[in-house]
Amino acid sequence: MTRLANGGVIDRQRPLHFTFNGKRYQGYEGDTLASALMANDVLIVGRSFKYHRPRGILTCGPEEPNALVQLVSDGDQPNLRATEVPLREGLEARSVNCWPSAKFDLRAINSFLAPLFPAGFYYKTFMAGRWDFYSRFIRQAAGLGRSPKERDPGRYERVNHHTDVLVVGAGPTGVQAAKVLAESGRDVMVIDMQASPGGHLLFHSCQIDSQPGVEWVSQAAVELRDRKNVTWLQNTTATGYYDHNMVIAVEHEPAESWLRERLWHIRAKKVVIATGAVERPLIFPGNDRPGVMLADAVARYIQRFAAVPGKSVVIYTNNSTAYAHLETFKAAGIEIQGVLDLRESLSETELGLASKSKVPVVVNSRITGVQGRSAVKGVTYQDESGIKTLSCDLVCHSGGWNPLIHLYSHAGGRSRFDQESAAFVPGERAQGAYSIGGANGTFSLGQGLKEASEIANLLFGEKSDDSASSALAVPVTEGEVSYRIDEIWPEKGLKGKAFVDFQNDVTTADISLAVRENFRSIEHVKRYTTAGMAVDQGKIGNPNVIGLVSRELDQEQTSVGTTTFRPPFAPVSFGVIGGNERGLLIIPARTTPMTDWNIANGAAMDEAGANFRRPFFFPRAGESMEDAVAREATAVRTSCGIYDGTPLGTFELHGPDTAELLNRLYTNRFDNLPVGRGRFGLMLREDGRLFDDGVTFRVDETRYLMSCGTGAAGAVYAHIDRLLQTEWIDLKVYLVNVSAAWATMCVCGPMARKVLDKLESDIALDPSFRFLDFRDGTLEGIPVRLARVSYTGELSFEVNVARRSALKLWTILIDAGKEFGITPVGSETSGVLRIEKGFISPGHEGDNITNPFDAGMGWIVDMTKPDFIGKRSLLRDMRLGGERQHVVGLLPDDERAAVADGSALLPAQQELSRSGFQGHVTAACFSPTLKRTIALGLLKDGQSRHGEKVIISGLENSCPATVSAPVFYDPKGERMRG
Amino acid sequence: MKRFSIFSLARNALTGHRHWEKMWRSPDPKREYDVVIIGGGGHGLGAAYFLAKEHGITNVAVLEKGWLGGGNTGRNTMTVRSNFLREDSVPFHEMSLDLYHQLSRDLNYNLMVSQRGMITFIQSSAANRVALQMANTMHIYGAEYRMLTLDEVKQKIPIFDPSPDMRLPVRGGVYQPRASMVRHDAVAWGFARAADARGVDIIQNCEVTGIQQENGAVTGVETTRGLIKARKIGMAVAGHGSVVASMVGQRLPITTQPLQAWVSEPVKPVLNEIVVIRSYYGTYLMQSDKGEIVVGQGCDPYPSYAQRGTFPIIEDATTSMLEVFPSFGRLKLLRHWAGMLDIPYDGSPIISKTNTRGFYIDVAGSGGFKTTPAAAKTFAHLIAKDTPHPLAEKLGLERFSSGRLIQEGGVSANR
Amino acid sequence: MLEIPCPWCGPRNESEFVCAGEADRKRPSDPEAETEEAWADYLFNSTNPKGVVREWWWHVSGCTRWFQIDRDTVTHEITPVEESSK
Amino acid sequence: MSYQVEVSSLADYALINLRGEAQVITNWEAALDVVFPKAPHTAVINEAFSVLSLASDHWWVRTALKSEDEVFRRLSQAVSGEHAAVTVVTDHFQGFSIKGPDAVAVLRQGFSLDLRLLDSGQCTRGGFARCGATLQVVESGTDYELFVESSYSKYVECWLKVAQGDTV
């Protein structure tokens with residue numbers, strides 16, 4: 001293996017040094033790691049998954065199954081295909097899955113134990129004792145490369161793009177199709193996996209319009225790229241075709257230097273799939289030895305990289321394409337020992353090419369073995385006259401070509417087996433996916449260019465001669481060999497391992513075993529043998545598996561069918577899929593005008609509903625949570641507290657039918673709510689369970705202001721809007737979300753009125769301002785709406801102010817309240833205050849199972865109303881009766897007991913019994929006001945068990961407690977109504 | 001049925017593995033059976049196995065429209081757990097876990113049950129409360145589910161490397177040590193082989209196109225391979241529950257929605273436990289024995305029978321994964337697919353009689369793989385005895401007309 | 001990723017919408033006249049067809065309008081439903 | 001290194017949300033002496049204010065902050081007694097300006113809708129990042145104004161900074 005003195009598309013002025021498995025080598029700019037290794041005579045690049053057989057490079061593209069490397073120098077990435085790794089100065093890579101080295105791998109012992117490892121052996125053993133014991137060893141042997149250790153420093157981006165036509169593949173047919181479409185004025189996007197346009201013409205010499213093919217393509221590409229209606233991306237792989245012509249693509253080398261990769265969501269009206277085809281291997285014993293390569297790949301290494309994998313070659317083929325390479329091999333100084341052709345006869349052109357290169361051809365021949373273990377020494381073959389040998393250091397084989405129908409199949413397209421080209425080709429098309437050229441099973445370049453020239457007709461039914469310009473004449477090609485193939489399967493019972501899936505070490509014997517054990521569906525064969533389940537996803541192996549299964553079952557290949565093609569076409573980094581949504585961008589952190597103030601004043605923040613961040617409590621130096629909560633709760637009960645109620649949902653409802661709507665939404669009546677007053681309302685789900693609650697004010701005759709829980713706001717808005725727009729379309733009501741327009745500050749506690757009195761205001765705060773009244777006016781000149789709403793059970797004023805003046809008024813209130821001990825209060829504290837008052841929270845006591853009667857809220861349910869959401873289900877609950885879980889209070893005998901939310905409730909007698917489950921604690925806390933632990937819970941038939949003893953059973957401890965009414969403080973609510 | 005073991009492997013190695021017998025027969029359907037099971041996945045084949053093993057009913061046919069194990073049994077993420085909220089769920093799922101741990105021996109087929117344990121990250125006080133409620137309920141039923149401090153989480157999962165400015169900082173976790181991973185295909189193949197050996201006919205490529213009735217009782221099924229008579233018909237067709245049940249005019253409280261899963265390329269072992277990142281997008285991931293990182297997420301947001309999913313689901317799950325395992329950024333997605341789940345309104349399994357006598361349904365619920373052996377055992381009991389198994393008493397359709405649902409999430413959230 | 005035809009805004013990506021269930025699931029005008037069976041059917045059951053279903057969709061991030069489409073749950077082919085025939 | 005675009009918060013704007021059917025529209029048009037835009041994505045812009053069409057029965061009137069009360073009053077009185085909704089929503093939304101040659105390179109990361117279809121002067125409402133937004137096209141390709149619910153303003157600020165490619 002050497003580097004040719006000249007030729008190849010590499011920059012010989014720019015040598016690049018790299019290390020592979022610890023040894024230093026040198027390649028050139030334009031090389032891939034694979035071509036550089038080849039030019040440095042490195043033959044063994046890895047070990048196979050199960051038998052750990054030495055493996056060399058097989059192909060020259062992303063379908064490479066053997067040359068998988070760990071790229072230590074670029075983020076320690078595992079399982080990269082050396083054929084896809086552009087060579088860089090200082091690149092460092094290592095083989096995967098072998099120890100201590102690729103040349104000498106301890107686990108090669110597996111090949112001697114191979115008879116014990118047929119397909120699916122692990123289903124038939126390792127059953128003594130637990131699988132965990134065996135899996136520890138198996139997991140060490142499995143897995144190819146190493147997962148990266150460091151955090152991925154890469155930055156990524158996801159973008160959305162729309163185009164009329166997306167062309168996938170910038171080979172000759174793709175570029176010609178793009179030209180025709182661009183000239184028709186449509187918006188065209190072209191994406192191509194290679195670094196530069198040309199497709200297979202980058203690797204093969206062939207004339208188009210009497211110009212070297214690759215020049216014709218790159219010239220056409222340059223003209224197209226400048227057009228306004230064309231977007232062109234090289235180094236970009238189309239990885240999946242999704243619903244409604246959405247194609248996901250990954251751009252590997254974006255122009256923006258700070259981006260490592262960019263993910264494209266491309267919505268196209270039509271998609272032209274010009275992704276070409278891949279060569280598939282033949283099946284013969286020893287076809288996995290290092291030095292056995294695909295014929296087209298060797299031609300590519302010579303043409304593109306001037307790298308020569310061997311000095312003397314035997315070519316083994318069942319089709320015409322190998323003959324086109326004879327000249328290339330000869331010109332590279334490779335001695336061709338002979339062409340072994342499986343077919344009975346050759347065509348004129350094939351014979352002509354062989355004789356022109358003076359190459360001996362043997363027809364009707366079969367390779368029966370490859371000599372040499374870690375390098376090829378020769379082959380043994382059989383023809384009419386018996387077994388013969390040929391010595392060589394390189395075997396090039398070609399079993400035919402497979403159209404890349406992956407994207408076409410993702411789109412939902414059906415494929416069929418075409419006898420003539422012996423390959424699965426597109427059949428019944430789906431969505432806007434159209435295949436042309438190699439991807440369509442059209443292996444003649446001339447024919448492919450014809451399809452491309454008629455693309456406008458194919459996609460839009462426009463005859464191509466309608467458009468005037470001359471560019472649409474079909475380009476003329478010379479130097480093409482017409483494709484001929486006879487698919488001939490090897491006889492059974494050949495000695496030696498003949499591989500079908502190189503990476504997962506699946507042989508023809510495994511396929512026969514699977515069918516013998518009655519795994520007859522192609523999906524069963526794949527899953528039992530793991531053929532096609534490796535990193536290359538069966539790109540070159542699957543067609544042979546299908547062929548072997550169809551022979552074993554004596555069934556047509558079309559009826560055997562393919563396994564499902566699943567995205568991605570080629571592996572995609574999780575980094576680019578995650579885009580730049582890291583840290584704070586993964587889900588929004590919604591804020592209020594007081595958020596920064598809260599943080600600045602030492603709040604311990606917590607996650608509230610609907611992505612809001614809110615203060616949990618405000619610890620002072622040295623205070624535990626319990627201490628802080630006790631201080632804050634005591635302040636609200638005895639002097640004055642202030643908290644930020646802005647995250648609550650706030651909706652304006654306008655219209656003459658609003659009262660009727662509210663009557664249907666809430667369990668209580670709202671049509672008799674006078675202007676200037678609010679009313680606490682309970683909303684149920686249609687199945688009668690607690691949904692949300694809150695106060696709704698009547699602002700004027702036909703305008704109401706509804707507030708609802710933070711977490712439920714989105715669901716409440718959707719619930720009301722759905723009913724208005726799909727069920728009760730005759731109700732005249734407009735629903736307007738104004739949640740973020742208002743900031744809400746609750747000044748609560750016995751001193752609340754005194755704090756507000758200190759401020760200059762036109763709002764009278766005397767007792768005529770009754771509980772659940774609201775009044776508009778100004779505080780310190782700032783327009784506000786004061787409302788007497790209380791979620792703490794104390795005297796409380798909700799100060800609602802426009803966002804623009806919120807922080808200013810908040811600081812005024814804090815200063816005014818200093819002399820009254822005003823204390824900022826967090827949600828943990830308001831939780832304690834809520835439990836003390838026994839206020840029901842749909843999120844805690846509701847628990848998706850409680851109806852209002854279970855929660856002791858019968859007082860708010862007006863069953864005389866003709867209908868409201870949930871009423872019919874309440875009638876069902878009442879009619880069916882039976883045991884229900886009721887909300888109860890719980891008073892632990894040990895007043896200092898620590899009770900955790902979620903603790904189970906058991907009958908007093910047994911501490912722990914399977915049938916004893918009676919319910920659970922929904923909310924527990926130490927009440928600083930009552931100086932004891934209190935809790936709310938759901939208990940079977942709880943309302944008839946007040947005074948009874950139960951056991952609160954937590955994970956760490958359990959304690960006896962007495963069942964009580966679910967309210968512990970100011971049951972009649974005199975303090976908040978005062 | 002010849003027993004599998006290392007000795008059978010060695011014996012057959014000597015003769016080039018040419019003498020292995022068929023795992024299961026491919027018989028032509030008889031004209032009549034005592035019981036016909038529609039659906040050849042884990043639940044259907046398992047029910048047939050338990051009918052034969054525990055109830056002595058062997059004149060049974062399992063009808064599969066495609067290839068056995070090709071439905072959700074072949075598409076899930078191999079996770080088996082019993083961490084649930086309700087007292088009617090925990091014992092049922094605990095039985096499933098117990099059965100899984102003896103199934104390899106019972107079936108003489110290695111299901112590769114690895115007890116990895118499952119850790120759910122706790123990233124908010126609300127998540128903490130739910131975890132405690134679950135832990136307490138499970139504690140009552142003898143299922144260990146304990147809270148972990150942040151240090152314990154870091155010590156169990158070395159690659160857990162949260163960034164400092166994490167949107168929802170991880171404060172700890174909750175851990176079910178017995179949660180396990182099971183090789184999904186092997187469940188279908190193991191049950192199929194054992195049921196076939198006991199005389200059950202497994203008939204593939206046989207789609208049921210209609211169900212015949214006479215005055216309110218089933219009499220047989222019309223299939224693409226002819227009419228098959230039977231007095232008892234069991235339906236276990238995850239993803240097609242509504243389609244088959246409509247053949248007897250039975251409407252069900254389920255919607256069919258895709259549940260996607262995907263794998264990375266195989267790498268050396270880096271992750272032992274099954275990890276759940278609930279608070280962002282409800283993402284869960286684990287590393288298979290072969291070395292692939294397997295990731296799953298909640299359902300796609302609309303009903304579909306297309307057996308493929310929408311890409312943003314993978315994007316959301318990936319952002320969550322990278323928040324706790326940033327080193328996975330350079331790891332690559334290898335393949336993604338989708339199963340079709342019958343999502344019940346309350347998220348719990350439905351194993352029930354119906355309005356049509358002799359027609360029984362097993363709707364696996366929003367994660368049918370973890371319930372496979374328990375559902376199969378209780379479904380067999382229901383078919384054989386026409387009364388529910390004690391642990392499946394509350395799983396009937398009656399719970400919907402009585403309104404006493406077993407609320408484990410499901411679709412109840414958005415109705 | 002579906003592209004949903006909003007009657008007002010034109011075709012948009014599925015991420016802008018919420019699928020709001022089967023259109024033939026109408027709330028009974030007089031719930032109390034419904035039997036327990038019929039009420040449970042309305043609350044919990046779905047037709048859930050494998051094929052074309054008429055659904056409500058809500059353009060929550062766009063014009064916030066609720067509209068109906070016919071969608072094939074196997075091929076995801078979508079045809080708009082005329083406003084009047086709702 | 002980052003995209004060439006300047007992002008800034010808008011301050012001098014007032015937004016008045018209008019909901020109403022045919023008969024009230026003529027009252028509003030008379031009150032402001034302007035014909036309302038009726039087709040999707042269209043807006044009418046003059047020096048005093050601009051009227052944005054958001055849905056078949058939904059408009060925004062955008063004006064300078066100082067004339068918020070006066071315009072609100074004129075619009076409310078024009079429809080008193082009618083079934084219509086006139087609401088000041090200035091504080092419910094936070095506006096951003098995104099200007100520069102790479103404006104689309106930033107916006108296309110957040111909007112899934114086809115930005116090519118929106119000419120200068122047009123507007124639309126659509127999914128943006130994880131919060132949705134109302135977009136006004138000042139100059140197609142280079143000058144856009146974006147309104148998001150104000151509880152998302154900190155999130156959108158951070159989003160725009162990261163989308164610009166700032167190596168923060």
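Residue numbers start from 1 in every chain, and the chains themselves are labelled A, B, ... in the order their sequence lines are given, proteins ahead of strands.
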Shorter than 4.5 Å, heavy atoms on both sides: which option in C/R27, C/R65, C/H76, C/E77 has the most such pairs with chain A?
C/R27
Quick one: of A/E727, A/Q431, A/K871, who has the most non-hydrogen atom pairs under 4.5 Å with chain C?
A/E727
What part of A/L735 gets closer than 4.5 Å to chain C, counting heavy atoms only: side chain, backbone, both or neither?
neither
Are C/W56 and C/W66, when compared by the centres of their aromatic rings, separated by less than 6.0 Å?
no
Counting heavy-atom pairs closer than 4.5 Å to chain C, which one of A/P866, A/G412, A/A718 comes out on top?
A/A718
Are A/H406 and A/Y241 close enough that their ring centres sit under 6.0 Å apart?
no
Indicate the ring-plane relationship of C/W58 and A/Y717, choosing parallel, tilted or perpendicular according to the 30° and 60° boundaries.
parallel
Classify the ring geometry between C/W57 and C/F17 as parallel (under 30°), tilted (30 to 60°) or perpendicular (over 60°).
perpendicular
Among A/R879, A/R872, A/H265, which residue forms the greatest number of heavy-atom pairs with chain C at distances under 4.5 Å?
A/R872
Verify the distance criterion only: is there a donor paired with an acceptor across the side chains of A/W264 and A/T236 at less than 3.5 Å?
no
Filter on salt bridge (charged side-chain N to carboxylate O under 4.0 Å, His left out), then keep only pairs touching residues 1-12 of chain C, sequence neighbours left out; what's left?
A/R267-C/E3, C/R12-C/E16
Relative to chain C, which segment of A/A430 carries a heavy atom at a distance below 4.5 Å: side chain, backbone, both, or neither?
neither
Of the backbone (N, CA, C, O) and the side chain (C-beta and beyond), which part of C/N13 lies under 4.5 Å from a heavy atom of chain A, both, or neither?
both
Turns out that what part of A/L724 lies under 4.5 Å from chain C's heavy atoms comes down to neither
At a heavy-atom separation under 4.5 Å, does A/D721 approach chain C through its side chain, its backbone, both, or neither?
both
Counterpart residues, side-chain contact (heavy atoms from CB on, under 4.5 Å), relative to A/D877 (two or more places apart):
A/R689, A/N851, A/L874, A/R884
